[in-house]
There are 2 protein chains.
Amino acid sequence: MPDPTEFDLERFLPYLLNQAAEATSKSFQATYKAAYGMTRTQWRVLANLGKFGAMTARDICAITHVEKTKVSRAVSTLEENGLLSRATSPLDRRAEILSLTDRGREVFADLGQKAIDYDRALRARIGPKIAAQLDERLRRIIARAGADGDGD
Amino acid sequence: MPDPTEFDLERFLPYLLNQAAEATSKSFQATYKAAYGMTRTQWRVLANLGKFGAMTARDICAITHVEKTKVSRAVSTLEENGLLSRATSPLDRRAEILSLTDRGREVFADLGQKAIDYDRALRARIGPKIAAQLDERLRRIIARAGADGDGD
DNA sequence: TTGACTTGGTTGCGAATGCAACTGATACTG
DNA sequence: CAGTATCAGTTGCATTCGCAACCAAGTCAA
């Protein structure tokens with residue numbers, strides 16, 4: 001039994017989560033980076049547009065909890081690379097409706113498939129049942145970690 | 001039942017892990033940032049030296065899986081701020097043995113206590129039993145995610 | 001010993017990040 | 001309407017990151 005008054009990084013939940021996130025993200029990052037020179041944020045924006053269809057940058061921020069400047073720049077780059085296009089919203093001329101181009105959908109399909117494969121392999125390695133439980137617990141954390149006192 | 005051929009970010013384990021890690025790290029980050037202007041890497045280096053005692057930068061890299069340049073810079077800053085000191089190893093004059101100063105130990109004690117409190121509150125919120133299971137699963141992922149094919 | 005190779009750690013530099021300040025459009029309030 | 005507050009998104013700037021190239025010390029083999 002460890003001394004409960006001394007801090008142990010290895011038992012610190014944020015640390016464990018970070019380690020696990022790093023470990024799993026890193027190798028998949030290599031995939032979209034090598035294939036399309038994309039950054040993590042760009043990949044996320046693409047994935048969200050791919051899944052949910054056209055939406056505004058603000059919506060993406062709300063869904064992903066990513067800073068708006070980060071999203072803004074990711075959108076610019078994706079547009080430059082011809083993966084998405086913007087259209088001013090007719091309802092609100094401040095907002096821009098983002099949607100994937102044909103090329104963007106192609107890329108999404110390709111990376112999406114690779115992500116599915118990667119995820120399957122990962123779950124197989126840690127055990128499917130455990131992986132399923134893990135999903136639930138992570139969702140719970142995401143929902144409750146910053147529930148009060150943290151707006152970001 | 002979702003279409004298994006279409007990719008869904010919300011079921012992508014690396015994504016979930018990232019979200020959870022972000023959510024839990026962010027608010028604690030505010031603590032060490034506000035109190036000592038420390039960065040995450042600096043905090044980790046401090047925490048490892050605090051827990052394991054004097055060791056070399058290389059060892060820290062091995063334990064934490066953090067890039068060596070990141071560690072190198074964190075060490076420099078911690079030294080500038082008087083939290084750790086370096087001594088050339090008598091066995092290998094390339095290596096430097098890092099150890100916390102008295103001040104460093106003070107800071108570690110303070111932040112360590114805050115981390116314990118934070119962790120406790122977090123676990124209470126998500127449920128202690130679930131938190132305990134989570135630990136195990138995360139360790140499993142960390143151990144197996146990059147087990148083969150990924151050296152970093 | 002000498003010369004080729006590895007290793008601990010640092011540095012340079014371009015890219016990514018975070019935060020605050022800003023622009024233009026919209027919504028509230030009287 | 002006028003005046004103010006709010007909101008979508010961008011930009012500037014200082015900090016951090018990641019990778020490759022680099023230095024100095026150590027190892028190995030002949």
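Numbers restart at 1 for each chain; the letters A, B, ... are given by sequence-line order, proteins then strands.
Side-chain atoms of B:Y118 and B:T24 form no donor-acceptor pair, as typed in the model, at a separation below 3.5 Å.
Comparing B:E96 and A:D92 by the nucleotide of DNA chain C that holds the closest heavy atom to each, the one mapping nearer the 5' end is B:E96. Along DNA chain D, the nucleotide nearest to A:V71 and the one nearest to B:K68 differ in position, and the one closer to the 5' end is contacted by A:V71. Positionally, the nearest nucleotide of DNA chain C for B:D59 lies more toward the 5' end than for the other of A:L91 and B:D59.
One can place CZ of A:R93 at 6 Å from P of C:dA25, the figure rounded to the nearest angstrom. In this structure, the CG atom of B:L98 is 11 Å from the C1' atom of C:dG8, given to the nearest Å. Across the protein-nucleic acid pair, B:R44 atom CZ and D:dT16 atom P stand 16 Å apart, rounded to whole Å. Across the protein-nucleic acid pair, A:L78 atom CG and D:dG9 atom C1' stand 16 Å apart, rounded to whole Å.
For D:dT10, the OP1/OP2 oxygens have a side-chain nitrogen or oxygen of A:R86 closer than 4.0 Å. One finds a side-chain N or O of A:S72 lying less than 4.0 angstrom from the OP1 or OP2 phosphate oxygen of D:dT10. Taking 4.0 angstrom as the limit, B:T56 places a side-chain polar atom (N or O) nearer than this to OP1 or OP2 of C:dG9.
Residues passing the salt bridge (Lys or Arg N to Asp or Glu O under 4.0 Å) test with B:R93, sequence neighbours excluded: none.
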Please enumerate all protein N or O atoms sitting under 3.5 Å from an N or O of nucleotides 13-18 of chain C, with distances to 0.1 Å.
residue	atom	partner	partner atom	Å
C:dG18	O6	A:R73	NH2	2.7

Could you list, one pair per line, each protein nitrogen or oxygen that sits under 3.5 Å from a nitrogen or oxygen of nucleotides 4-6 of chain D, together with the distance?
none

- request: Decide salt bridge (charged side-chain N to carboxylate O under 4.0 Å, His left out) for B:E106 and B:R103; before the verdict, give the C-alpha distance in whole Å, the side-chain angles of both, and the deciding distance to 0.1 Å.
  value: CA-CA 5 Å; B:E106 270 175 47; B:R103 174 77 185 134; 3.2 Å; yes
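Within a 6.0 Å sphere centred on CD of B:E136, other residues, nucleotides and ligands contribute 12 heavy atoms or fewer.
Between B:W43 and B:Y36, a ring centre-to-centre spacing not shorter than 6.0 Å is recorded.
In summary, A:D135 and A:R123 engage in a salt bridge, as defined by a charged side-chain N under 4.0 Å from a carboxylate O.
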